[in-house]
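Read through the structure below, which is laid out as structure tokens, and then see the notes.
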Amino acid sequence: MPNSTALRESVHPLESAHLARLNSILESYLDQQQVAQCIHAYRFGAAAHVGQFRKSGEPYICHPIAVATSLAEMHMDADGITAAILHDVIEDTGVSKSQLALEFNNEVAELVDGVTKLSKIDNKSHAETQGENVRKMFLAMAKDLRVIIVKLADRLHNMETLGVMLPPKKRRIARETLDIYAPIANRLGMNSIRHRLESLSFEAMYPYRHAVLSSAIKKARGNRRKMIDTIENTIRARLQEVDFPCDVAGREKNIYSIYKKMVQKKIPLADVFDVYAFRIYCEDVDACYRVLGIMHNLYKPIPGRFKDYIALPKENGYQSLHSVLIGPYAVPIEVQIRTHEMHRMSESGIAAHWLYKSDPDKTRNFQALANDWLKDLLEIQKSAGDSLEFIDNLKVDLFPQEVFVFTPKGAIIKLPRGSTLVDFAYAVHTDLGNACVSARIDKQLIPLQTQLESGMTVEIITAEHTRPNPLWLNYVVTARARTAIRNRLKHIEGQEALGLGRRLLENELLAMNVQLNDISPEKITALLKLMGLKSFENLLEDIGLGNKMPFLVAKQLVQDDVNTHVKLNDSVTTQNRPLMIQGTEGMVVKLAKCCRPIPGDAIIGFFNPGKGIVVHQHDCHNHALIKKKQNNWLDVQWGHDATGDFATEIRIEILNQRGALATIAATISDLDSNIENVTVVDQDARVCVDSIILTARNRVHLARIMRRLKELSIVLKITRVKG
Ligand code: MN
């Protein structure tokens, strides 16, 4: 071990033993420089974890070394091994991601960061109820498959060293392992890791059952030795006879799968175990089928028990022929026939790719190998003529199209990629979406249009009497949010239009000296029929939306009405009774963007069919144009109690010098006004012209702001924009 001389003096004997073993494996497949990087990671990690110990009393660094060793046995690449050695430093020591990037490289930093993020999910999730979602979250978060594989190896070693923990904690970790890690290992085709995880979890969860079952299995195995040898020899002899040399091996069943079978099928051990299982390994696929024929010739197969997973592989790519035969003394014999290659794939799954395939191009990166693995699966499925759904699922998970985020209570919400906080709120509940005003991610306030990332914990902050912002429609991605926002806005608009319509109609009637209550229901019904409307509310809404002129409706309601005794004159207008507005009516009364009127300005309203009323300044330049086109205008006035912050626009010419705009901003803010937007309209070396949208309570307030600005030496000219 060339690097051992440089190691610390007082190294724990277990630590140096672990390290020596790792080193010798690394040297068998990595080049010198790569091995050096791994050893450097060890020193770095040992220094970071110094003073930390595992429950067993070993120095903490022994754990990451063990994790790295199991990955080295799979011939994982140098960066993967480096990350495995460092996998706990971000979580458990003060080392940061950027430090790792400096000390090693970006890839290593990303990998360790990825493992750290997955560890956080462990602590957060309520694995029992949402195993499937947590698994998906894992796969979606790990942009690099190595992260998952390091995490699996980490979990395996933790399971192997559970011994000293208290039983409840053991059980919790074991449950999580069964719910999350074992299925992921299965999904990646890594059966040997999966079986080890399952056996260890079973032992931790049910130590007594495990003890009883394993001693029973041992005993049964002893009793059956002779029978097993007899059958194995018979099979071997027959294969020899037909000159077909294959490897034959008795197969021992995984203790957890025996237990599961007993529970699921409610049968005693004897019934599960009363099967003799063998595996035959062949050179190629052709040989597999021929051996199958030979076996069916040797012992009679049990009908309905033959499965061809070579032609029709299992969804994780598993391939083999399975058959159950009737052996001597009528004992059932399970045989699995497969090629060596298939066997390796079934044991190591994705890892088989870099473990067994000699890749001529050593520079190919890990992701390329992972893609190879996916491609292989795809080929297998294609040749099987099977649906490709599994591959699609896997791709979706590994190259994520979805994000998984937590609610504050730890429930997991799945959303399409690109989803924002607003999508999240509506995904939880429509009411939550409708009432949301802001949000916190991992305790920090974040703008609502922020896109979600897997693993975030999202808390939506709500307020009463609020409404969805139409701008949300610009960035939500889920149909659910979009529809809910539209419905809600439509509903609010309907309500507001109704209220406005009633006011407009009452106003007109008042001008004719009529109360709305005085109008007979028959009269109203007749008018509704004439207009083809269903209800009086519909009519009011229509008026509020600007689809019907209030003056005309009022006239129709009053006309020919003998009870009202009103003499109508066609030239009657509503000029004498302007509509009072507050500017805060909502969606059916809008303040025009061209002239941005504020309380105190002389104003005029225009009906915008389907939308309501738009209020302009009397001397707005657009107003003249609109007035030419439209005759459905309405006299409006600011209500005396119109309060609030109204946006308005000023144009300001200032000296083009450093800090000028900051001075302007400070002055405006001093006068209790907010700047909503600043645009540079024009500038040269000396002068800069800016358009500023700011808030003002009314004309008096605005005048004060403009006067104060004018007093500044840098301000040359200031005007209000009116269309
Ligand atoms: Mn760990």
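Both ligands and their constituent atoms are indexed starting at 1 by order of listing. For this chain, numbers begin at 1 and follow the sequence in order.
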Next on the checklist: What I want to find out is whether Arg155 reaches Glu176 closely enough, with some N-O distance under 4.0 Å, to be called a salt bridge.
Outcome noted: yes
Answer yes if the side chains of [X] and [Y] hold a donor-acceptor pair under 3.5 Å, and no otherwise.
X	Y	result
Asp423	Thr478	yes
His49	Gln52	yes
Arg196	Asn254	no

Next on the checklist: Tell me which N, O or S atom from Asp88 is the closest to the Mn ion (ligand 1).
Outcome noted: OD2
Item to check | Name of whichever N/O/S atom of Asp154 is nearest to the Mn ion (ligand 1) | outcome: OD1
Checklist entry - Would one find an N, O or S atom of His87, in either backbone or side chain, under 2.8 Å from the Mn ion (ligand 1)? => result yes
